[in-house]
Amino acid sequence: MSQQESVRILTRIFRATGGARPVLLLAPGASFSSGVPIAAESVKRLAKRVYAEQVLGGAVPPEQVRLTEWQTWLHDQRWYLKGDNRLAENFPLVVQHLLKPAEYRKQLLLDLIHPTNGIGKGYHRLAELVVKGLVSTILTTNFDTCLPTALGAVRHHIGHIAEVNRQSGDLNEFSLYARAQIVWLHGRAEQYSDKNLVEEVQQLDPELVGKLIPLLADSPLVVIGYRGSEPSIMEHLLRDGAAQNGGRLSLRVWSPSLTAERRTRQQSHFLPRFALW
């Protein structure tokens with residue numbers, strides 16, 4: 001699909017005179033311009049830092065560690081998935097096997113997700129859409145602070161910003177009619193509730209899914225910056241959620257990081273329930 005056609009469809013979805021307001025799903029690609037690394041780059045940075053701090057005992061700063069040293073060490077791990085095209089798939093494995101204990105995991109993840117380039121302009125444009133009432137609910141698999149920071153900058157226009165699922169069972173603020181609402185699909189790193197491990201991204205909280213399905217049943221879902229790699233999102237929320245709702249889930253995907261191959265696999269997997277573009 002051409003950029004011009006994508007813009008045309010998005011314009012129709014976000015038009016103020018339209019029906020149900022669209023719901024956004026933001027993933028790591030949405031924060032890339034803010035300096036937050038996507039999965040493959042995160043694997044490199046985390047592995048290099050762990051090697052410097054735990055293997056070399058902090059004698060050498062991470063930025064001075066030779067590529068051949070930390071990369072050879074990483075590739076020698078029994079759990080490592082080899083192949084350049086599988087580097088991103090190692091992110092949950094790196095978190096599971098290298099980021100221990102919990103305090104160390106939190107420290108490295110918070111450093112990793114810091115927006116080193118400042119909040120990207122896309123987030124500020126998104127905040128403007130919320131101010132105009134064109135978007136109210138934003139789902140995110142991210143752990144960085146770009147979204148709450150951008151919305152916080154316009155708080156005087158939108159009032160309270162509801163945050164849902166910051167940790168397990170934190171669903172009290174969810175509303176189908178919220179003015180501004182962030183749903184942290186995998187929790188937040190600050191609360192030690194981030195879900196990054198392989199077993200943690202298999203399913204979402206069933207109660208959370210139960211609250212989201214009625215919303216997604218009537219609202220277009222626009223997905224930005226998502227690889228489509230987590231069963232918790234692609235299967236538990238979208239596929240199974242649509243099945244629970246009689247297949248009434250309209251999915252509109254706009255994701256620069258979605259490869260043509262993965263897009264084709266997803267399209268054949270979800271059709272006819274979902275309309276992907």
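Sequence positions, counted from 1, serve as the residue numbers for this chain.
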Expected output: side-chain S136 to main-chain R179 donor-acceptor under 3.5 Å: no
Separation of I161 CD1 from Q181 CD (nearest 0.5 Å): 11.5 Å
side-chain hydrogen bond (donor to acceptor under 3.5 Å, both in side chains) pairs, two or more places apart, involving residues 52-67: R49-E53, E53-Y104
Chi angles and distances behind the side chain to side chain contact (heavy atoms under 4.5 Å, CB included) call for L237, L212: CA-CA 8 Å; L237 177 61; L212 292 176; 4.1 Å; yes
Non-hydrogen side-chain atoms of T149 and L151 separated by less than 4.5 Å: no
Considering all heavy atoms, the nearest A40-L87 contact: O-CD2, 3.7 Å
For the student: nearest non-hydrogen atoms of T137 and L139, plus distance: CG2-CD2, 3.9 Å
Heavy-atom check, side chain of S219 versus side chain of R21, under 4.5 Å: no
Stepwise side chain to side chain contact (heavy atoms under 4.5 Å, CB included) test for L126 and L147: CA-CA 9 Å; L126 172 55; L147 178 57; 3.9 Å; yes
Step-by-step side chain to side chain contact (heavy atoms under 4.5 Å, CB included) determination, R188 to E163: CA-CA 10 Å; R188 294 201 67 175; E163 295 192 53; 3.0 Å; yes
Donor-acceptor under 3.5 Å (K82 side chain, H75 main chain): yes
Electrostatic pair E89-R86, nearest N-O below 4.0 angstrom: yes
Pairwise distance CG(L56) to CH2(W70) - rounded to 0.5 angstrom: 13.0 Å
Sub-4.5 Å side-chain heavy-atom contact between F91 and P28: no
Residues that F32 engages under ring pair (Phe, Tyr, Trp, His ring centres under 6.0 Å), provided they are two or more places apart: none
Minimum heavy-atom distance between G169 and D205, given as atom pair plus value: N-OD2, 4.2 Å
Test item: H186 and I233 side chains (from C-beta on) under 4.5 Å apart, heavy atoms: yes
salt_bridge(E41, R45) N-O dist < 4.0 Å: yes
Minimum side-chain heavy-atom gap I182-P148 below 4.5 Å: yes
Test side chain to side chain donor-acceptor pair (under 3.5 Å) applied to Y123 and S31, step by step: CA-CA 8 Å; Y123 277 103; S31 298; 2.5 Å; yes
Sub-4.5 Å side-chain heavy-atom contact between V50 and L99: yes
Inter-residue atom distance L112.CG - T116.OG1, 0.5 Å rounding: 10.0 Å
Joint hydrophobic cluster, I38 plus L110, side-chain heavy atoms closer than 4.5 Å: no
Closest approach of P37 to S42 (non-hydrogen atoms, all atoms of both residues): O-OG, 3.4 Å
Heavy-atom closest contact (P22 atom, L134 atom, distance): CD-O, 3.5 Å
Polar side-chain atom of S34 near backbone of N117 as donor-acceptor pair, under 3.5 Å: no
N165 vs L204 side-chain heavy atoms within contact, under 4.5 Å: no
Derivation and outcome, side chain to side chain contact (heavy atoms under 4.5 Å, CB included), residues L46 and L98: CA-CA 9 Å; L46 290 173; L98 301 183; over 6 Å; no
N90 (side chain) donor-acceptor with Y80 (main chain) under 3.5 angstrom: no
Any donor-acceptor N/O pair, D144 side chain to C146 backbone, under 3.5 Å: yes
Approximate separation, where rounding is to 0.5 Å, of Q167 CD and D170 CG: 5.5 Å
Residue of the set V222, L216, I224, L185 for which side chain to side chain contact (heavy atoms under 4.5 Å, CB included) holds with L25: L185
Verdict with supporting geometry, K106 and E103, salt bridge (Lys or Arg N to Asp or Glu O under 4.0 Å): CA-CA 5 Å; K106 177 181 178 181; E103 292 79 3; over 6 Å; no
Nearest heavy atoms of P115 and V36, plus distance in Å: CA-CG2, 3.9 Å
Straight-line distance of K132 NZ to I158 CD1, nearest 0.5 Å: 14.0 Å
Residue pair S232, Q203: steps toward the side chain to side chain donor-acceptor pair (under 3.5 Å) verdict: CA-CA 4 Å; S232 58; Q203 283 197 327; over 6 Å; no
Close side-chain approach of L74 to Y51, heavy-atom, < 4.5 Å: no
NZ-CG distance between K100 and L108, expressed to the nearest 0.5 angstrom: 14.5 Å
